[in-house]
Amino acid sequence: MPSLTPLVSLVVPIYNTSAYLRQCLDSLVHQTYPHLEIICIDDGSTDHSLDIALTYDKDPRVRIISQTNRGCSACRNRGLQLASGEYIMFIDSDDWLDLDAIRLMVEHAEAERADAVMGTYVREYEGRSLPKRIFEADFLSYNAEETRRYVHRRLFGLVGEELAHPETVDALNSNCITLYHRDLIKHLSFGGPYGTFVDLYFQIQALEHCHRFIYIDYPVYHYRKTNRRSETSVYHKDLIASRMQFFHILMRYIETHQLGEDYNHALYNRIALSMIGIGLNELAAPKSLFAQAESLKQVLRQEEYKRAYSQMDMRYFDIKWRTFFQLCKHEQTVPLVLMLRGVDYLRKRV
C-alpha cells in the first residue's frame, strides 16, 4: 500500500452561507486525512461568512482569500489556479464532507494510480437524509476504454438498462463527489454558456481523458437541500431555450471529438428525459392546465424531441415512466400535465 502522503487541495467558494459555513469547514479541518490545503475564496459575501472563515485562519492548512463578487465559477477557477496539491476536490460552502472522505479517496487513488475517484452523496433535508447510489456495484475500477464506455458516455445520457432509473440521469454531474488528480484538470476551467450544466461540462472535459477511474459506494459528500430553492418553486421562462442551447453544444462536442453514435444515442435519451424537468418547471408557470399543456406540446413538436422519442427504447421503464414517455411521444399533453402534478405532489412528500 502506497504511503498516504500526497497533498490534497480542497477548493471552497463562499458566498453568504454564514448559517452553514462552520459545519462545512469543520468537516474539512477534522478530516482523518491530514495532508490538506484548504483554499477558501469568499466571493464578496454580505453576511458574516468572511468573518467566520477567518476564524479558521489559525490552521496553517487553511488559506482565506477575499474578492469582489464574480460568481462560483470564478471562485473555482481561482482556487484551481492556486491549488498546489497532487489531488484536487471542490466543496460548496453550505455542504459538508464525511470525515473519512479524503482518506478513503486518496487511498484508492494511490493504490490504483487513478486519475479520478468518485464517491456517492447524501441529500440532506430537514429531518431526513436520502443517500444517492450512482452505480449498482460497491466498487468499480475502470481503464480508459471502460471509463469512456460506462462513465464518460453516461454523462451525455443513459442507454439500455440504465434507463430503468431515469432519475439518475444527472447523478454523475457534480464535481463535488470526485477527487481529481491535478494533471487531469489543471488545464480546464469553469464557466461558459452552459447555464445550470457548468458542472456537467467540466466533468465531460475532465473524464474524457481519464485513464483510470475508481468508484466507491461510500457517501463522501453531504448535499444540503434545505438551503436551495426547489427547482419547481419558481418558473424559469428561459429553461427550454437554455436546455436546447446546451443540447446543441453537446451535439457539436460529440461531432468535433468524434465520439461516435453511442454518444448521440445517449444524448437523445437525455433530451427525451429532460421533459421531466421541463414539465415540472411548466407547473410553476402562472397558466391554466390547458395553457401548460399547449406549452409542452410546442416543446414536443421540436425536431430534437421527435427524434428522441422515435429512437427511445421504453422497455426498461417501469409502468409509470413508460406511461409518462408514451404520453410525451404521442403529444398527449393534457394527461401529461395531470401526471406531472401527481409526480410533483409525491416528490415533495418523499
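In this structure, the side chains of Thr168 and Ile134 stay at 4.5 Å or more apart for every pair of heavy atoms. Inter-residue side-chain proximity for Phe135 and Leu172 is flagged as met; some heavy-atom pair is nearer than 4.5 Å. Counting heavy atoms from C-beta outward, Leu140 and Ile214 have side chains that stay 4.5 Å or more apart. Counting heavy atoms from C-beta outward, Leu340 and Gln292 have side chains that stay 4.5 Å or more apart. Side-chain contact between Ser141 and Arg212 is present, with heavy atoms from C-beta onward closer than 4.5 Å. At a threshold of 4.5 Å between non-hydrogen side-chain atoms, the residues Leu250 and Ile204 count as touching. Between Trp96 and Glu124 there is a side-chain heavy-atom pair separated by less than 4.5 Å. In this structure the side chain of Thr333 never reaches within 4.5 angstrom of the side chain of Leu327, judged on heavy atoms.
Between Arg154 and Asp262 there is no salt bridge, since no side-chain N of the basic residue sits under 4.0 Å from a carboxylate O of the acidic one. Between Asp98 and Arg103 no salt bridge is recorded (no basic side-chain N to carboxylate O distance below 4.0 Å). By the 4.0 Å N-to-carboxylate-O rule, Arg153 lies close enough to Glu162 to be salt-bridged with it. Between Glu331 and Arg301 there is a salt bridge, since at least one side-chain N of the basic residue sits less than 4.0 Å from a carboxylate O of the acidic one. Electrostatic pairing of Glu126 and Arg224 does not count as a salt bridge here, judged by no charged N lying under 4.0 Å from a carboxylate O. In this structure, Asp238 does not pair ionically with Arg243, as no charged nitrogen and carboxylate oxygen lie closer than 4.0 Å. Between Arg307 and Glu303 there is no salt bridge, since no side-chain nitrogen of the basic residue lies less than 4.0 Å from a carboxylate oxygen of the acidic one. Here Arg133 pairs with Asp217 in a salt bridge; the nearest charged N to carboxylate O distance falls below 4.0 Å. For the pair Lys287 and Glu294, the salt-bridge criterion is not met [side-chain N within less than 4.0 Å of a carboxylate O].
By the neighbour-count criterion of 12 heavy atoms within 6.0 Å, atom CZ of Arg70 is densely surrounded, having more than that number from other residues, nucleotides or ligands. Summarising the local packing, NE2 of His257 is surrounded by more than 12 heavy atoms from other residues, nucleotides or ligands at distances under 6.0 Å. Within a 6.0 Å radius of CZ in Arg322, more than 12 heavy atoms belonging to other residues, nucleotides or ligands are found.
Between the side chains of Asn173 and Gln203, not a single donor N or O lies within less than 3.5 Å of an accepting N or O. Donor-acceptor pairing under 3.5 Å is lacking for the side chains of Tyr142 and Glu112. Side-chain atoms of Asp94 and Thr17 form no donor-acceptor pair, as typed in the model, at a separation below 3.5 Å. For the residue pair His330/Gln326, the side-chain donor-acceptor check at 3.5 Å is satisfied. Of the N and O atoms on the side chains of Gln23 and His222, not one donor lies less than 3.5 Å from an acceptor on the other residue. Side-chain contact check for Thr32 and Asp100: at least one donor-acceptor pair (N or O, by modelled atom type) lies under 3.5 Å. Asp95 and Tyr221 share a side-chain donor-acceptor pair at under 3.5 Å. In summary, the side chains of Thr178 and Asn175 do not present any donor paired with an acceptor at a separation below 3.5 Å, with no hydrogens or angles considered.
In terms of modelled atom types and a separation under 3.5 Å, the side chain of Asp318 and the main chain of Trp321 share a donor-acceptor contact. Side-chain atoms of His265 do not come within 3.5 Å of backbone N or O of Glu261 as any donor-acceptor pair. Listed for the Ser189 side chain is no donor-acceptor partner under 3.5 Å among the backbone atoms of Asn77. Of the possible donor and acceptor atoms, one in the side chain of Arg182 sits under 3.5 Å from a partner among the backbone N and O of Gly85. Ser45 places no side-chain N or O within donor-acceptor distance of the main-chain N or O of Asp47, the cut-off being under 3.5 Å.
Contact between Pro6 and Glu110 at its shortest, heavy atoms only, is CG-CD, 3.8 Å. Leu336 approaches Met275 most closely through the heavy-atom pair CD2-CE, 4.5 Å.
Checked against the 6.0 Å centroid criterion, the rings of Phe317 and Phe324 do not qualify as a close aromatic pair. Taking the six-membered ring for Trp and the full ring otherwise, Tyr218 and Tyr121 have centroids separated by 6.0 Å or more. Remark: aromatic rings of Phe139 and Tyr215 are distant, center separation not under 6.0 Å.
Ring orientation note: the planes of Phe190 and Phe202 are close to parallel, at an angle under 30° on the 30°/60° scale. Ring orientation note: the planes of Tyr201 and Tyr194 are close to parallel, at an angle under 30° on the 30°/60° scale. Between Phe156 and Tyr263, the angle of the ring planes goes over 60°, which puts this pair in the perpendicular group of the 30/60° scheme.
Grouping the Ile, Leu, Val, Met, Phe, Trp and Tyr side chains by contacts below 4.5 angstrom, directly or via other members, places Ile102 with Ile38. Grouping the Ile, Leu, Val, Met, Phe, Trp and Tyr side chains by contacts below 4.5 angstrom, directly or via other members, places Leu200 with Val151. Cluster membership check: Leu289 shares its hydrophobic cluster with Ile278, using side-chain heavy-atom separations under 4.5 Å among Ile, Leu, Val, Met, Phe, Trp and Tyr.
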### Query
Arg123 and Ser129: side chain to side chain donor-acceptor pair (under 3.5 Å), yes or no, with the steps?
CA-CA 6 Å; Arg123 293 159 291 170; Ser129 300; over 6 Å; no

### Task
Verify side chain to side chain donor-acceptor pair (under 3.5 Å) between Gln67 and Asp42, making sure each step is shown before the conclusion.
CA-CA 6 Å; Gln67 65 181 34; Asp42 182 78; over 6 Å; no

### Task
List the steps, then state whether salt bridge (charged side-chain N to carboxylate O under 4.0 Å, His left out) holds for Lys132 with Asp170.
CA-CA 11 Å; Lys132 183 77 168 182; Asp170 291 320; over 6 Å; no

### Task
With side chain to side chain donor-acceptor pair (under 3.5 Å) as the test, would you mind laying out the steps for Tyr305 and Ser274 before giving the verdict?
CA-CA 10 Å; Tyr305 283 90; Ser274 73; 2.8 Å; yes

